[in-house]
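The analysis underlying the following values was restricted to heavy atoms, covering all of them including side chains, and did not include hydrogens, waters or symmetry mates. Residues take their numbers from the sequence shown, with the count starting at 1.
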Amino acid sequence: MAFATLALTAIDCPEPRRLAEFYAAVLGGEIKDDQTEDGHWIDLYLPGGQRLAFQQVPDLRPPEWPRADRNSQQLHLDLDVDDIDAAEEQVLALGARPLDVDDDGGKRGFRVYADPAGHPFCLCRA
């Protein structure tokens, strides 16, 4: 039986506001000013009630996707989309970069990108 609920997912990054703005443009939601007053922590409250937090780590070393032997991705976000081609165009315009976008002509249901801080995320066919 569960004894806890997930409060948020925190993402390390060099520029919390910039990354919060990227994900707000992708997922919607409302950015709330940090509670530390120094820009080290930004919250993004998503439309479904979930929350992403962005924590400043100035010397962040992005994951080396898809490596698993050192500096692995540790976690990534899967984002369901209705139109993967349109979503790809939008995330690239927002500053994402492609990591693995060969979806075998649509046979594979996802494409992999890095957000502006280098974290991998997938656009998945809904």
Side-chain angles (χ1 to χ4, degrees):
M1 178 172 208
F3 63 90
T5 58
L6 180 65
L8 62 87
T9 300
I11 301 173
D12 291 350
C13 58
E15 299 175 74
R17 176 148 307 269
R18 180 172 180 239
L19 200 56
E21 289 170 351
F22 171 83
Y23 280 106
V26 173
L27 299 169
E30 181 181 355
I31 295 173
K32 301 269 181 145
D33 288 332
D34 64 48
Q35 293 101 25
T36 61
E37 298 181 17
D38 57 9
H40 292 281
W41 184 276
I42 303 288
D43 288 313
L44 173 60
Y45 290 83
L46 299 172
Q50 306 92 342
R51 182 168 51 140
L52 294 177
F54 304 90
Q55 175 175 264
Q56 187 176 41
V57 176
D59 297 327
L60 178 76
R61 197 172 88 207
E64 297 175 43
W65 190 91
R67 294 189 72 133
D69 58 342
R70 69 168 202 262
N71 195 25
S72 70
Q73 65 180 319
Q74 299 174 14
L75 74 105
H76 70 271
L77 301 175
D78 281 354
L79 309 176
D80 287 341
V81 296
D82 291 325
D83 183 336
I84 200 166
D85 293 321
E88 175 177 271
E89 185 177 313
Q90 291 175 295
V91 298
L92 294 176
L94 291 167
R97 64 183 169 82
L99 294 177
D100 180 2
V101 294
D102 180 7
D103 63 359
D104 195 19
K107 292 178 187 169
R108 188 178 81 172
F110 66 93
R111 298 177 187 169
V112 186
Y113 307 84
D115 68 24
H119 304 101
F121 71 93
C122 296
L123 294 179
C124 304
R125 285 185 176 80

Provide the full list of salt bridge (charged side-chain N to carboxylate O under 4.0 Å, His left out) pairs with a residue in residues 113-122, sequence neighbours left out, each pair given once.
-> none

Is the number of heavy atoms from other residues, nucleotides or ligands within 6.0 Å of CD (E89) greater than 12?
-> no

Between P47 and G28, the two heavy atoms sitting closest are CD-C, 3.9 Å

Nearest-0.5 Å distance, SG of residue C13 to CD of residue Q55 = 8.5 Å

How far does OH of Y45 sit from CD of Q50, to the nearest 0.5 angstrom?
-> 13.0 Å

Non-neighbouring partners of R108 that pass side-chain hydrogen bond (donor to acceptor under 3.5 Å, both in side chains), sequence neighbours left out = D100

Answer yes or no: is there a donor N or O on one side and an acceptor on the other, between the side chain of H119 and the main chain of D12, under 3.5 Å?
-> yes

Closest approach of P63 and P120, non-hydrogen atoms and distance?
-> CG-CD, 3.8 Å

Are the side chains of H40 and P16 in touch, meaning some heavy atoms are under 4.5 Å apart?
-> no

Describe, in one word, how the ring planes of Y23 and F54 are oriented to each other, choosing from parallel (under 30°), tilted (30 to 60°) and perpendicular (over 60°).
-> parallel

Does one hydrophobic cluster hold both F22 and L92, with members joined at side-chain heavy-atom distances below 4.5 Å?
-> yes

Within 6.0 Å of CG in D82, more than 12 heavy atoms from elsewhere | no

Evaluate the side-chain contact (heavy atoms from CB on, under 4.5 Å) criterion for residues L19 and I11: first the C-alpha distance (whole Å), next the side-chain angles of each, then the deciding distance (0.1 Å), finally the verdict.
-> CA-CA 9 Å; L19 200 56; I11 301 173; 4.0 Å; yes

Derivation and outcome, side-chain hydrogen bond (donor to acceptor under 3.5 Å, both in side chains), residues E88 and Y113 | CA-CA 9 Å; E88 175 177 271; Y113 307 84; 2.6 Å; yes

Examine L94 and I42 and state if one hydrophobic cluster contains both, with Ile, Leu, Val, Met, Phe, Trp and Tyr joined whenever side-chain heavy atoms are less than 4.5 Å apart.
-> yes

Per salt bridge (Lys or Arg N to Asp or Glu O under 4.0 Å), D43 is matched among R51, K32, R17 by R51

Are D85 and R111 ion-paired here, with the side-chain N under 4.0 Å from a carboxylate O?
-> yes

Candidate pair E21 and I31, rule side-chain contact (heavy atoms from CB on, under 4.5 Å), full reasoning | CA-CA 8 Å; E21 289 170 351; I31 295 173; 3.7 Å; yes

Determine the minimum heavy-atom distance between R97 and G118, stating which atoms define it.
-> NH2-CA, 4.4 Å

Hey, mind stepping through L52 and L27 against side-chain contact (heavy atoms from CB on, under 4.5 Å) and telling me if it holds?
-> CA-CA 11 Å; L52 294 177; L27 299 169; 4.0 Å; yes

Output the distance between atom CZ (F121) and atom CG (D78), rounded to the nearest 0.5 Å.
-> 11.0 Å

Does R67 CZ have over 12 foreign heavy atoms under 6.0 Å away?
-> yes

Quick one: side-chain hydrogen bond (donor to acceptor under 3.5 Å, both in side chains) partners of R125, sequence neighbours excluded?
-> D103

D69, CG atom: more than 12 neighbouring heavy atoms under 6.0 Å | yes

Co-membership, hydrophobic cluster, residues F110 and L77, 4.5 Å side-chain = no

Same cluster for V101 and V112 if Ile/Leu/Val/Met/Phe/Trp/Tyr side chains link at under 4.5 Å?
-> no

Dump the intermediate steps for side-chain contact (heavy atoms from CB on, under 4.5 Å) on L46 and L44, then the final yes or no.
-> CA-CA 6 Å; L46 299 172; L44 173 60; 3.7 Å; yes

